[in-house]
Amino acid sequence: MPSPEVAPALPVPLVRLRIGAWSALTPHGAVTETAEGSKARKQVFKPDKAILHPSGYPAHAGIVDPLDLAATGHAAGTRLRAPRVMAMLAAILDDLHAQQGSLVRREDGPVSVYWLAPDAISGDEAQGAVFARAWQQSAWRDIAYVLQAMRAGEAHLFSVLSSLQSGIGQPGVACTIIVGADSLLDPEELAPALALGQVFSNSAPQGYIPAEGAGGIVLWNPDRAPEQVWANAAILGPVSIMQGAATHAAVRSVMSAAITASGMDAADIAHVVSDADHRPHASMAVVAAMQQVLAGLDPLEQRLSPMESAGSFGIAADLVHLALAVELASEKPALALGTTGGQCAGVVVMPA
């Protein structure tokens, strides 16, 4: 007899946060290009001669190109993770500043920043040094900030958002920046996974495709900052999280809980953005859940999964997908789903 399905508790946030700025950078390009490329299913990963399987043939990879590595003092072709992460962070920060930097600057005190750092860049000192260089290369360089250190393995976007909505994080802060970037292209770092057949190839079709990406948002609390001065802001619904594997039942429960908690009906949702990749089983749970919860949506036309055509964005995946959901929610709500990292999570983004 199957065990009864356990639904995630419906969250009731103390703070209804707005997203005042958003940005993403993937092998497809910026937010708009990534959305268009995902809809068209354009494959941007290709055989990469810098990454070789043990037998010698190139691995498939998704690369952000061009990437201004010279600004951080590194060679244009470097595959080292830290320099590439720095360059992507600086690009995301510049984009966020161009959208709402003038408004953030009006706030008293330093800017609160959460950085979802890769596990390979762990420890407060290492994280602080890498982020400081990216900040200095960005348009925020003359603004003080307080970096909220995220311990390796615990940098989950949805958990951060849930804490902020519950007033656990920085309840007295009007604006919070959340950024993330990752690059999986370093041949030396990939060597163990390549040797174990964990990287995609003809002989390992269930392997992952190395790629890179970055995302960022500026959250603001309307109770602390005048709502009318923030143009193009989106409303972030309550986050729903269920720990454990992202089974069909878990995805369905999280999807339903996120929609209910947002006050929306299933018929209101116009798009689903998920982190499924090129492996068919990765998207089956999402598609099956959509067919039950969002029967009015076409899984082919109204579900975006950019990692299916661009490779893995690593720790930046959830931020990239959330930024895409905000981009798509200008007129109708969109649902962002995260199904990796040992948890299943979802949130509805609504037009303001």
Side-chain angles (χ1 to χ4, degrees), residues 6-22 24 112 114-116 148 150 154-171 173 175-180 215-223 233-247 249-266 268-269 271-275 285-286 289-290 293-294 304 315-329 333-352:
V6 179
L10 295 181
V12 182
L14 301 176
V15 180
R16 172 147 293 200
L17 299 172
R18 305 294 196 268
I19 298 178
W22 57 95
S112 176
Y114 285 86
W115 176 31
L116 308 183
Q148 310 295 330
M150 306 293 294
E154 296 183 1
H156 296 303
L157 171 65
F158 291 104
S159 298
V160 172
L161 293 176
S162 182
S163 294
L164 291 170
Q165 288 179 330
S166 301
I168 296 173
Q170 299 286 321
V173 175
C175 306
T176 299
I177 297 174
I178 306 178
V179 290
I217 57 174
V218 175
L219 286 175
W220 64 280
N221 181 349
D223 295 331
I235 300 172
L236 186 70
V239 173
S240 176
I241 300 175
M242 178 180 284
Q243 300 299 328
T247 62
V251 175
R252 184 178 67 236
S253 295
V254 163
M255 191 180 286
S256 297
I259 294 171
T260 300
S262 71
M264 297 287 105
D265 292 325
D268 297 322
I269 308 300
H271 289 92
V272 172
V273 185
S274 73
D275 58 356
V286 176
M290 285 181 65
V293 180
L294 299 168
L304 263 67
I315 196 66
D318 287 340
L319 265 171
V320 170
H321 296 109
L322 180 59
L324 285 171
V326 181
E327 181 78 1
L328 295 170
L335 173 66
L337 286 174
T339 59
T340 58
Q343 66 179 22
C344 181
V347 66
V348 174
V349 180
M350 298 159 280

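Computed over heavy atoms, backbone and side chain alike; hydrogens, waters and symmetry mates excluded. Note that the numbering runs from 1 along the sequence shown for the chain.
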**OP:** Applying side chain to side chain contact (heavy atoms under 4.5 Å, CB included) between Ile19 and each of Ile178, Leu236, Ile235, Val218, report the one that passes.
**Re:** Leu236

**OP:** Using the side chain to side chain donor-acceptor pair (under 3.5 Å) rule, collect all pairs that involve residues 341-352, keeping only residues at least two apart or in two chains.
**Re:** Gln243-Gln343

Original post:
When rounded to the nearest 0.5 angstrom, what is the spacing between CG in Asp318 and CZ in Phe158?
Top reply: 4.5 Å

**OP:** Enter the distance from Ile177:CD1 to Gln148:CD here, rounded to the nearest 0.5 Å.
**Re:** 11.5 Å

**OP:** For Ala289, enumerate each residue passing the side-chain contact (heavy atoms from CB on, under 4.5 Å) test, keeping only those at least two apart in sequence or located in another chain.
**Re:** His248, Val251, Arg252, Met255

Original post:
Ignoring hydrogens and geometry, is there a side-chain-to-backbone donor-acceptor pair from Ser163 to Ser159 under 3.5 Å?
Top reply: yes

**OP:** Kindly compute the distance separating OG1 (Thr176) from CG (Leu164), expressed to the nearest 0.5 Å.
**Re:** 5.5 Å

**OP:** Compare every heavy atom of Ala266 with every heavy atom of Val293, then report the nearest pair and how far apart it is.
**Re:** O-CB, 3.3 Å

Subject >> N/O donor-acceptor pair under 3.5 Å between Ser256 side chain and Ser253 backbone >> reply: no

**OP:** For Ala24 and Ala323, work out which heavy atoms get closest and say how close.
**Re:** CB-CB, 4.1 Å

Subject >> Least distance between heavy atoms, Ala325 atom then Ala334 atom >> reply: O-CB, 3.6 Å

Subject >> Atom pair CG (Leu337) and CG (Leu304), whose distance is rounded to the nearest 0.5 Å >> reply: 12.0 Å

Original post:
Can you list the residues that meet the side-chain hydrogen bond (donor to acceptor under 3.5 Å, both in side chains) rule with Glu327, with sequence neighbours excluded?
Top reply: Trp22, Thr32

Original post:
Any donor-acceptor pair under 3.5 Å linking the side chain of Asp275 with the backbone of Gly338?
Top reply: no

Subject >> Closest heavy-atom pair and its distance - Thr339, Cys344 >> reply: CG2-SG, 4.3 Å

Subject >> Contacts of Ala317 that satisfy side-chain contact (heavy atoms from CB on, under 4.5 Å) - sequence neighbours left out >> reply: Met307, Phe313, His321

Original post:
Which pair of heavy atoms, one from Ala245 and one from Ala250, lies closest together, and at what distance?
Top reply: O-CB, 3.6 Å

Original post:
What heavy-atom pair brings Pro351 and Pro333 nearest, and what distance separates the two atoms?
Top reply: CD-N, 3.9 Å

**OP:** Enter the distance from Ile315:CD1 to Leu116:CG here, rounded to the nearest 0.5 Å.
**Re:** 6.0 Å

Subject >> Atom pair CD/CG of Gln165 and Leu219 - distance to nearest 0.5 Å >> reply: 8.5 Å

**OP:** Could you walk me through whether Ile217 and Leu161 pass the side-chain contact (heavy atoms from CB on, under 4.5 Å) test, one step at a time?
**Re:** CA-CA 11 Å; Ile217 57 174; Leu161 293 176; 4.3 Å; yes

Subject >> Steps toward side-chain contact (heavy atoms from CB on, under 4.5 Å) verdict (Leu294, Ile259) >> reply: CA-CA 10 Å; Leu294 299 168; Ile259 294 171; 3.7 Å; yes

